[in-house]
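Just follow the structure's listing: the first ligand is 1, and inside any ligand the first atom is 1. The figures here come from the full heavy-atom set of this structure, side chains too, leaving out hydrogens, waters and symmetry mates. For clarity, every value in this text was computed on a predicted model and none was experimentally measured.
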Amino acid sequence: MQQVKDRVFSGTQPTGVPTLGNYVGAYRNWLKMQDDYDCLFCVVDMHSLTVRNDAAELRKNAKSLLALYLAVGFDPEKCILYFQSHVPEHAQLSWILNCYTYMGELSRMTQFKDKSAKHSENINAGLFTYPVLMAADILLFNVQYVPVGEDQKQHVEITRDIAERFNNIYGDVFTIPKPLISNVGARIMSLSVPENKMSKSDDASGYISMLDTTDVIISKFKKAVTDSEKEVRYDPKAKPGVSNLLTIYSVMTDKSVKDAEKDFEGVGYGGFKLAVGEAVADKLKPIQDEYNRIMDDKVYLESVSKDGAQKARKIAMKTYGKVARKVGLAQI
Ligand code: ATP
Ligand code: LTN
């Protein structure tokens, strides 16, 4: 069948429970796309092998992430939800693309530099070629758009470079994808070190897990690092902590940052932090209730995963078949 709508692909690694950063920088934007685009949202479990995980824990996190996708509102009738490892063409295409990617360009990836500094005992080849697997994820589906947080822009750019290089040799095989990065909330910062990105591999006081209880959320916001002034004002350079909290509040309440600032004129940091915490807890509570319900429904989760993998594979096999033919893999 002819592809009518533009297509979108994005994914999350199942390393730990997603954070408020994932929700604001990713899921919130993906949700707005499911009516207007053909969307694929993947649990990229193979990417998680680039750092050491406990196997049972990784399996649990992957299942939990699929349940969370459903709980935030992705509708399996409208978009394809699946596990990366259930569609073997991801790994197959990744191998081929490895042979069209240069060591030099991979060495420039900031995520590789950051992660290899963080995991200096385990700088494995998978960590280095991580962006190539990501390129395969995207290129398999000939997508027009890849909605991501700011940190992933470089990976989408290398995907474009690899695709253009391949197309230059073999003709128009791949669609060249564009990153979609929202203006507000593309980089939610850590609550304890507001100069760093909020990350689930951070220490727990710095991030809000999407499954943190209301009490935990409020207590983490109460402890959030601000500054020695008193004024609630948006100024990311001079006031990174306060600006981060204002961004979070504005996204949670659907207000502009300007209007959010007005809400806190004359209010001290104590009241401000409490209000931000409450806004986050109010937003996450219904998602958490839905998540708990879905986690208990094993049959439903299995059917979503199976159905999603089947639909994804149908598209992936077509692209992979074409690529394998182009590069000359045996066909007898
Ligand atoms: P980790 O922080 O554990 O290295 P991650 O959260 O960056 O992992 P994923 O979970 O795979 O990695 O990210 C899924 C999506 O969430 C990506 O599009 C990423 O850009 C976005 N994202 C992650 N953290 C933030 C953040 N702090 N602010 C905005 N977007 C984010
Ligand atoms: N690398 C991303 C996760 C990811 C992804 C993708 C995002 C893997 N494959 C394809 C968009 C498209 C991350 O760490 N956030």
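Checked against a 6.0 Å centroid threshold, the rings of Phe264 and Tyr249 count as neighbours. Note: Phe41 and Phe9 fail the aromatic proximity criterion, with ring centroids not under 6.0 Å apart.
Note that CG of Leu274 is 11.5 Å distant from OG of Ser219, once rounded to the nearest 0.5 Å. Leu245 CG to Ser250 OG: the interatomic distance, rounded to the nearest 0.5 Å, is 11.5 Å.
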Please walk me through it: do Ile208 and Tyr23 pass side chain to side chain contact (heavy atoms under 4.5 Å, CB included)?
CA-CA 10 Å; Ile208 301 292; Tyr23 179 73; over 6 Å; no

Applying side chain to side chain contact (heavy atoms under 4.5 Å, CB included), run through Lys222 and Ile218 and close with a yes or a no.
CA-CA 6 Å; Lys222 277 188 180 160; Ile218 294 195; 4.1 Å; yes

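At a 4.0 Å heavy-atom cut-off, the residues surrounding ligand 2 are Phe9, Ser10, Gly11, Gln13, Val44, His47, Tyr130, Met134, Asp137, Ile138, Val146, Val148, Gln152, listed by chain and number. Protein residues having at least one heavy atom under 4.0 Å from any atom of ligand 1 are Gly11, Thr12, Gln13, Gly21, Asn22, Gly25, Ala26, Lys115, Val148, Gly149, Asp151, Gln152, Gly185, Ala186, Arg187, Ile188, Lys197, Met198, Ser199, Lys200, Ser201, listed by chain and number.
Judged by distance alone, the side chains of Ser64 and Tyr291 do bring a donor and an acceptor atom under 3.5 Å apart.
The aromatic rings of Phe166 and Tyr100 sit perpendicular to each other, their planes meeting at more than 60°, with 30° as the lower class boundary.
Cation-pi contact between Lys32 and Tyr37: absent, since separation from the ring centre below 6.0 Å together with deviation from the ring axis within 45° is not met.
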